[in-house]
Amino acid sequence: MGRVGAVISIVALWSVTPVTAAPVPQAVMDMIVGGNGAAVVTGRIKSMSVSGGAATPVPMIIKQDDAYRRAINSSPLLLAERNALQSAAAGIAFSRSAFDPLFALRAEHTRTGFMARSAEITREYEGKTNQAGEQDGNIVGTDEETAVAVNAQDQQAQDLGRLTCVIIDGEIINPEYCSMETAVDTRVELASSKTPVEPEANVFAIQALQVLPWGSSVSAQLQSTRRIKSGYSTLNRMELINGSHGDPIGTGSNYPWTSAFFFTFNTPMPYARNFGAQAYGPRVNTEVANLDRDIGKLRLEQRSNEVLNQVAAAFWDLVRRQYRLSMVQHHLDAATALAQRGRRLFDSNNLTSYDMAQLDTELERTAIASELAWQEYLGASNLLVDLLNLDDGAVLVADVSVAELLSDEMVEAVDIRQMADQHPEVLMASLEQQKNTLLTRFFAEQVRPDISLVMNISYRQSDQVFGYKTWNDSYEHIFDPDQRQTYIGINYRYAFGQRAEKAAWSRSRTEQQQAALRVALARNNVHRTYQDAQSAQASTDSRLGQLGVNLDLAQSAYDRSGRMREQNSLTEFERVRTLQMLYQAVDAYIAAAVATRREQAQSLFAAGRLHQWYTAHSAKERQ
């Protein structure tokens with residue numbers, strides 16, 4: 001018998017009002033068809049005695065969609081995964097920043113001041129002196145003019161303490177007049193002298209650097225300098241004759257501007273280390289960051305499936321405990337009515353002591369079952385409160401009708417192969433495999449030798465003689481420089497042994513093999529979990545139909561027991577037994593119906609589509 005047929009059977013059979021004084025079946029029917037036991041739970045909560053002056057808990061009505069929405073929005077696990085996803089997005093931005101163009105501005109000002117400093121210094125000199133002679137190889141004549149000149153030179157040499165002997169062809173010709181003497185002289189000497197103009201230099205530079213995805217880098221720099229010299233030099237004819245690079249005509253300060261341009265290109269060579277998108281570290285880091293972000297999205301979806309699956313299990317367990325609590329309460333009311341009726345019959349000597357004892361025992365057993373059902377209900381409520389991250393002490397009341405309880409809205413046809421290919425767990429394992437493959441290729445490239453090409457081109461203007469009068473003139477002639485230099489070089493480096501690189505490559509190959517195995521394992525796990533969920537759902541559906549038949553039989557037996565008791569052909573104990581059988585049948589049917597809903601959610605979870613179903617269902621509800 002199908003689910004709808006079972007409900008119709010319940011309504012049809014229990015709509016017959018029993019002849020007995022306790023209308024138990026009608027109350028149970030009202031509980032199943034017309035409500036969900038919320039009134040029973042609410043009344044039980046209001047009757048709770050709270051110690052310590054604490055406020056009585058207020059029941060919180062919650063629907064299935066409300067539970068799903070609260071779980072998605074407030075689950076600590078999902079909040080952590082969203083934060084991790086934001087961190088992964090930040091990691092992508094950080095890795096991509098390695099390829100952002102770099103612009104640098106530089107401004108320098110240098111000013112040098114020369115201060116005058118002098119002191120009187122006394123020095124001692126040793127040398128050869130005579131009365132008359134020659135200094136520095138000049139021959140002294142015998143005439144009066146020559147003697148006067150020699151005397152003047154000799155006097156100056158004595159004052160300075162210099163060697164004043166007659167020397168011809170490197171030999172002293174007047175040793176009889178030449179003797180060693182020590183001369184002492186005190187003079188004002190300059191340690192530094194103050195210049196009329198303090199040298200000043202201003203440098204302005206702008207640089208641009210771009211790193212390319214395959215490992216190359218390009219940089220260009222434009223620099224302008226304004227330099228004021230300390231003074232004007234005098235004409236030096238020897239510098240003009242010898243072609244010196246000095247400033248022979250003293251015009252450097254009048255033309256202070258010079259400019260320079262620098263271009264640098266650095267690139268690893270093909271088939272060498274760090275060349276190419278798969279061998280250059282920053283590019284590989286960017287690809288890894290992109291894969292980590294995609295893995296984070298799938299992990300968030302998988303965690304959402306897990307959280308919704310847990311919430312679905314807790315919610316339907318709450319529904320199960322709520323129905324059971326309401327049913328046991330109805331059973332307790334019926335057992336109380338039967339005990340009261342039996343007490344009247346016993347007092348009028350129309351009921352045996354054995355039957356009365358059976359009624360009292362049933363009442364006591366039902367009261368204990370009611371208290372146990374209440375404790376189980378509170379446990380189910382607390383579990384759902386924890387999953388929804390609600391305040392402690394809240395008591396949840398599920399708002400579920402029979403139509404929702406027996407609904408097939410979560411059942412959908414699934415192609416198991418397509419389902420496995422799109423399952424978040426399988427997709428995560430596949431992306432992990434791609435990441436390990438990428439890293440394996442990268443580490444394989446790192447074992448290669450490091451060969452790089454470097455090219456520098458510079459254009460410089462010089463103000464050693466004279467620069468340019470204005471910056472515009474200097475800038476217009478930047479590619480008509482005083483000096484042009486081109487440098488091209490190849491660097492070759494190879495680490496001896498490369499133990500670190502080879503170890504990383506070996507480890508990455510092992511991790512790549514493990515990643516491939518994890519993909520196959522994830523696919524097998526998805527297949528097995530989904531098939532188990534489908535088998536459990538089919539078994540529950542089949543059992544639900546059989547329990548519907550049992551419910552019909554229990555209802556019929558209870559109705560017949562009522563008629564037989566009115567005819568005094570059935571004892572009160574046998575009446576109680578039929579009532580127990582009826583409640584057991586109702587409880588088993590509700591348990592199977594709840595299990596069906598639970599298995600539907602489990603099937604969607606096993607297929608990795610519970611979150612997708614919730615998203616589509618929520619959009620449909622909003623419409």
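Computed from a predicted structure; not experimentally measured. Atoms considered below: every heavy atom in the structure, side chains included; atoms not considered: hydrogens, waters and symmetry mates.
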If you count every heavy atom of other residues, nucleotides or ligands that lies below 6.0 Å from [X] atom [atom1], does the total exceed 12?
X      : atom1 : answer
Asp391 : CG    : no
Tyr271 : OH    : no
Phe263 : CZ    : yes
Arg117 : CZ    : no
Arg70  : CZ    : no

Candidate pair Gln221 and Ile206, rule side-chain contact (heavy atoms from CB on, under 4.5 Å), full reasoning: CA-CA 6 Å; Gln221 180 179 350; Ile206 180 173; over 6 Å; no
If you round to the nearest 0.5 Å, how far is [atom2] of [Y] from [atom1] of [X]?
X      : Y      : atom1 : atom2 : result
Tyr494 : Arg448 : OH    : CZ    : 11.0 Å
Ile295 : Met428 : CD1   : CE    : 8.5 Å
Asp421 : Leu427 : CG    : CG    : 8.0 Å
Gln514 : Glu511 : CD    : CD    : 6.5 Å
Ser74  : Arg69  : OG    : CZ    : 10.5 Å
Leu78  : Leu308 : CG    : CG    : 7.5 Å

Quick one, Leu387 with Val307, criterion side-chain contact (heavy atoms from CB on, under 4.5 Å). Give me CA distance, side-chain angles, the key distance, then yes/no. CA-CA 8 Å; Leu387 290 175; Val307 169; over 6 Å; no
Evaluate the side-chain proximity of [Y] to [X]: yes if any heavy-atom separation is below 4.5 Å, no if none is.
X      : Y      : answer
Pro213 : Tyr280 : no
Met455 : Thr267 : no
Ile488 : Leu453 : yes
Gln210 : Leu102 : no
Glu306 : Gln302 : yes
Gln422 : Arg609 : yes
Asn491 : Ile451 : no
Leu300 : Arg82  : yes

Quick one: closest heavy-atom pair of [X] and [Y], and the distance?
X      : Y      : answer
Val526 : Ala420 : CG1-CA, 4.3 Å
Val311 : Ala71  : CG2-CB, 3.5 Å
Arg226 : Trp257 : CD-CZ2, 3.4 Å
Pro481 : Arg484 : CG-CB, 4.2 Å
Glu445 : Ala272 : OE1-O, 4.1 Å
Ala88  : Arg293 : CB-CA, 3.9 Å

Check: [Y] main-chain N/O paired with [X] side-chain donor or acceptor under 3.5 Å:
X      : Y      : result
Ser506 : Lys502 : no
Asn309 : Asn305 : no
Thr437 : Gln433 : yes
Asn389 : Val385 : no
Ser75  : Ile72  : no

Using the rule side-chain contact (heavy atoms from CB on, under 4.5 Å), only one of Tyr487, Phe262, Phe265 pairs with Asn456; which is it? Tyr487
Go through the side-chain N and O atoms of [X] and [Y] and say whether any donor and acceptor fall under 3.5 Å apart.
X      : Y      : value
Ser224 : Ser259 : yes
Asp473 : Thr470 : yes
Gln461 : Gln483 : no
Trp613 : Thr615 : no
Thr186 : Glu120 : no

Please say whether the positively charged group of Arg507, taken as NZ for Lys or CZ for Arg, lies over the ring of Trp505, i.e. under 6.0 angstrom from the six-membered ring centre and within 45 degrees of the axis. no
What is the ring orientation for Tyr468 with His477, classed by angle as parallel under 30°, tilted 30 to 60°, or perpendicular over 60°?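 Geometry flag for His477 against Tyr468: parallel rings.
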Aromatic plane relationship, His611 with Tyr614 - under 30° parallel, 30 to 60° tilted, over 60° perpendicular: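 Ring orientation, 0 to 90° scale: tilted.
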Begin with the C-alpha distance, continue with both residues' side-chain angles, and end with the deciding distance and a verdict on side-chain hydrogen bond (donor to acceptor under 3.5 Å, both in side chains) for Gln446 and Gln498. CA-CA 9 Å; Gln446 297 306 302; Gln498 290 191 327; over 6 Å; no
Steps toward side-chain contact (heavy atoms from CB on, under 4.5 Å) verdict (Ser97, Asp100): CA-CA 5 Å; Ser97 64; Asp100 292 341; 3.6 Å; yes
Any chance you could lay out the ring pair (Phe, Tyr, Trp, His ring centres under 6.0 Å) test for Phe479 and Phe261, step after step, and finish with the verdict? CA-CA 8 Å; Phe479 293 107; Phe261 176 78; 5.4 Å; yes
Go through the steps to decide whether Gln434 and Leu291 satisfy the test side-chain contact (heavy atoms from CB on, under 4.5 Å), and finish with yes or no. CA-CA 8 Å; Gln434 294 181 22; Leu291 290 174; 3.9 Å; yes
Is the shortest side-chain N to carboxylate O distance from [X] to [Y] below 4.0 Å?
X      : Y      : value
Lys63  : Asp66  : no
Asp450 : Arg493 : yes
Glu501 : Arg273 : yes

Check step by step if salt bridge (Lys or Arg N to Asp or Glu O under 4.0 Å) holds for Glu287 and Arg283. CA-CA 6 Å; Glu287 296 297 329; Arg283 178 61 183 272; 3.4 Å; yes
Please tabulate, one pair per line, all N/O donor-acceptor pairs under 3.5 Å involving side-chain atoms of residues 107-116, not counting sequence neighbours.
residue	atom	partner	partner atom	Å
Glu108	OE2	Arg106	NH1	2.7
His109	ND1	Asn202	OD1	2.4
Arg111	NE	Glu198	OE1	2.9
Arg111	NH1	Glu200	OE1	2.9

